[in-house]
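Working notes, structure below.
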Amino acid sequence: MAVLSAAGLSAGYRGPAVLHEVRLDYDPGLHVLLGPNGAGKTTLFRVLSGVLPPRAGGVLVDGADPHTDAMAKLLVGMAAHRAALAPRLSVADNLGYWARVLRLPAPTRQRRVEQVIDTMRLTGIAGQKAGSLSRGQAQRVGVAKALLGDPPVLLLDEPTAGLDPGMAAGLRERLRLLADAGRTIVVSTHELAEASELADDVTVLHQGRVVARGEPGELRQRLVGQGYRLRVRGHGDLLGALRRLGYAPEAHGHDGATVQVAGEEETETLVAALVRDGVGIREATAAGNPLQDVYLHLQG
Ligand SMILES: Nc1ncnc2c1ncn2[C@@H]1O[C@H](COP(=O)(O)OP(=O)(O)OP(=O)(O)O)[C@@H](O)[C@H]1O
C-alpha cells in the first residue's frame with residue numbers, strides 16, 4: 001500500500017469545488033506536484049494533511065485517515081508557502097514552541113530542535129529573530145518546522161519560490177537527502193525547470209484535476225509524442241554528416257546544429273553515427289525543457 005494516497009477527492013471552499021475526483025498514490029521518494037497558479041495545489045495539500053475536509057473521497061496516510069485519526073494527521077508535516085513564524089522569537093525558540101504545540105515529549109524536545117536545525121543547516125541563524133530572516137532562511141525554517149515531529153510524509157508548498165538559484169539548489173539538495181533517507185516528499189511548484197530537476201515523478205494538476213503523472217521525460221513523450229529537438233555541438237563536418245544521415249539541420253554558431261529526433265533511442269543511434277563519420281561530439285542535449293512542452297500541450 002502506498003504511504004500517501006487519495007481517491008475520488010473533491011474539495012473546495014464556499015463556492016464550487018476546487019478539486020475534482022483527484023486520485024493519487026505516493027511511495028517514498030521526491031515527488032513534484034506541478035500546476036499553474038490556481039490549479040489547486042495548496043488546496044490539495046490542505047486536504048492531504050488533514051486540515052481541509054474533503055467533500056467526497058478520502059485520504060489515507062499509512063492506511064489511516066488524517067481527517068478522523070489524530071495519529072495519522074501527525075504522520076504528515078506540511079510547510080506552507082510562507083512559514084508562519086513568530087517574528088520576535090528566535091529561530092530556535094520558534095521551533096521549541098512548535099515542538100510543544102506538537103506535544104513532543106519534554107525530554108526529547110530540545111534534542112529534536114537541535115536535530116532539525118542541523119538537518120536544515122540553520123545553526124548559524126538559530127539565535128536570530130525570525131522577523132529578521134531572509135526569505136530563503138525563513139523557507140528553510142519552515143521545512144525544519146515541518147520536520148520536527150519526524151513525519152514520514154512531507155508536503156512542501158512552493159518551498160523554493162523566490163529563492164536565489166544558490167539557495168534553491170541548497171534546499172533541493174537537502175530535500176533529496178531527506179527523500180533518500182526514506183521519506184515521502186511532495187513538493188508543489190509551478191516552475192517547470194525546477195520540477196524537471198527535482199522530481200522522481202511529476203503529477204500535473206490542472207483546474208483541480210490530475211491530468212498527467214510520470215517521470216518528467218516520459219511525461220513529455222506521452223503527452224507530446226512527437227519526440228524532441230536535439231542540439232548537437234561538435235568539431236569536424238557536423239552539418240555535412242547530419243545531412244548525409246538524412247537530417248535537415250539548423251545551424252547554430254560555428255559548431256552547433258539542431259535536429260528533430262523521435263526519442264532517446266534515435267539520439268543514441270545518431271550520436272554513434274556521427275562519431276563513426278569522424279565528428280567529435282562536444283555536447284548533445286535536448287533543446288528546451290521537457291516539461292515546458294507538457295504545459296504548452298495542456299494549455300493548447
Ligand atoms: N481560503 C480560500 N477560500 C476560498 N477560495 C480559495 C481559498 N484558497 C484558495 N481558494 C481558491 O481555490 C482555487 C485554487 O487555489 P490554490 O491556492 O489551491 O491553487 P494553487 O495551485 O496552490 O495556486 P498558486 O500556485 O497560485 O499558489 C483558486 O481559485 C482560489 O481562488
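In each ligand, atom 1 is the first atom listed, and ligand 1 is the first ligand listed. The basis for the numbers below is simple: all heavy atoms, side chains too, and nothing from hydrogens, waters or symmetry mates.
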>> Among all the protein's heavy atoms, is there at least one whose distance to atom 30 (C) of ligand 1 comes out below 4.0 Å?
In response: no
>> Closer than 3.5 angstrom, by distance alone: can the side chain of R112 be matched with the main-chain N or O of L148 as a donor-acceptor pair?
In response: yes
>> Could you check whether any heavy atom of S188 sits closer than 4.0 Å to an atom of ligand 1, since that is the contact criterion I want to use?
In response: no
> Charged N to carboxylate O under 4.0 angstrom, D164 versus R135?
Replying inline: no
>> Are L4 and M78 linked, directly or through intermediate hydrophobic residues, by side-chain heavy-atom contacts shorter than 4.5 Å (ILVMFWY only)?
In response: yes
>> Tell me whether R88 at atom CZ has more than 12 heavy atoms from other residues, nucleotides or ligands lying less than 6.0 Å away.
In response: no
> Would you say R46 and ligand 1 have an N/O pair spaced under 3.5 Å apart?
Replying inline: no
>> How far is atom 20 (P) of ligand 1 from the closest protein heavy atom, and which atom is that?
In response: K41 N, 3.5 Å
>> Can you confirm whether more than 12 heavy atoms, excluding those of Y247, are under 6.0 Å from its OH atom?
In response: yes
>> Show me which atoms of ligand 1 lie under 4.0 Å from any heavy atom of P36.
In response: 21 (O)
>> Other residues, nucleotides and ligands only: do more than 12 of their heavy atoms fall within 6.0 Å of CZ on R231?
In response: no
>> I'd like to know if the side chain of R174 and the backbone of T119 have a donor-acceptor N/O pair within less than 3.5 Å.
In response: yes
>> Just to confirm my output: which protein heavy-atom neighbour is closest to atom 11 (C) of ligand 1, and how far is it?
In response: Y13 CE1, 4.1 Å
> Does E158 have a heavy atom less than 4.0 Å from any atom of ligand 1?
Replying inline: yes
> Is there any N or O on G40 that sits under 3.5 Å from an N or O of ligand 1?
Replying inline: yes
> Does the pair R183 and D150 meet the rule for a salt bridge (Lys or Arg N to Asp or Glu O under 4.0 Å), with working shown?
Replying inline: CA-CA 10 Å; R183 279 194 174 75; D150 199 15; 2.4 Å; yes
> Which atoms of ligand 1 have any heavy atom of H190 under 4.0 Å away?
Replying inline: 25 (O)
> Which atoms of ligand 1 have any heavy atom of T42 under 4.0 Å away?
Replying inline: 17 (O), 18 (O), 20 (P), 22 (O), 27 (O)
> For atom 24 (P) of ligand 1, which candidate among T43, L205, N37 holds the nearest heavy atom?
Replying inline: N37
> Is the shortest side-chain N to carboxylate O distance from D157 to K41 below 4.0 Å?
Replying inline: no
> Any protein heavy atom under 4.0 Å from atom 16 (P) of ligand 1?
Replying inline: yes
> What atoms of ligand 1 come closer than 4.0 angstrom to any heavy atom of V18?
Replying inline: 12 (O), 13 (C), 14 (C)
> So is there a nitrogen or oxygen of G38 less than 3.5 Å from a nitrogen or oxygen in ligand 1?
Replying inline: yes
>> Tell me whether atom 1 (N) of ligand 1 lies less than 4.0 Å from at least one protein heavy-atom position.
In response: yes
> Going through the checks in order, is the side chain to side chain donor-acceptor pair (under 3.5 Å) test met by H31 and T203?
Replying inline: CA-CA 8 Å; H31 310 276; T203 304; over 6 Å; no
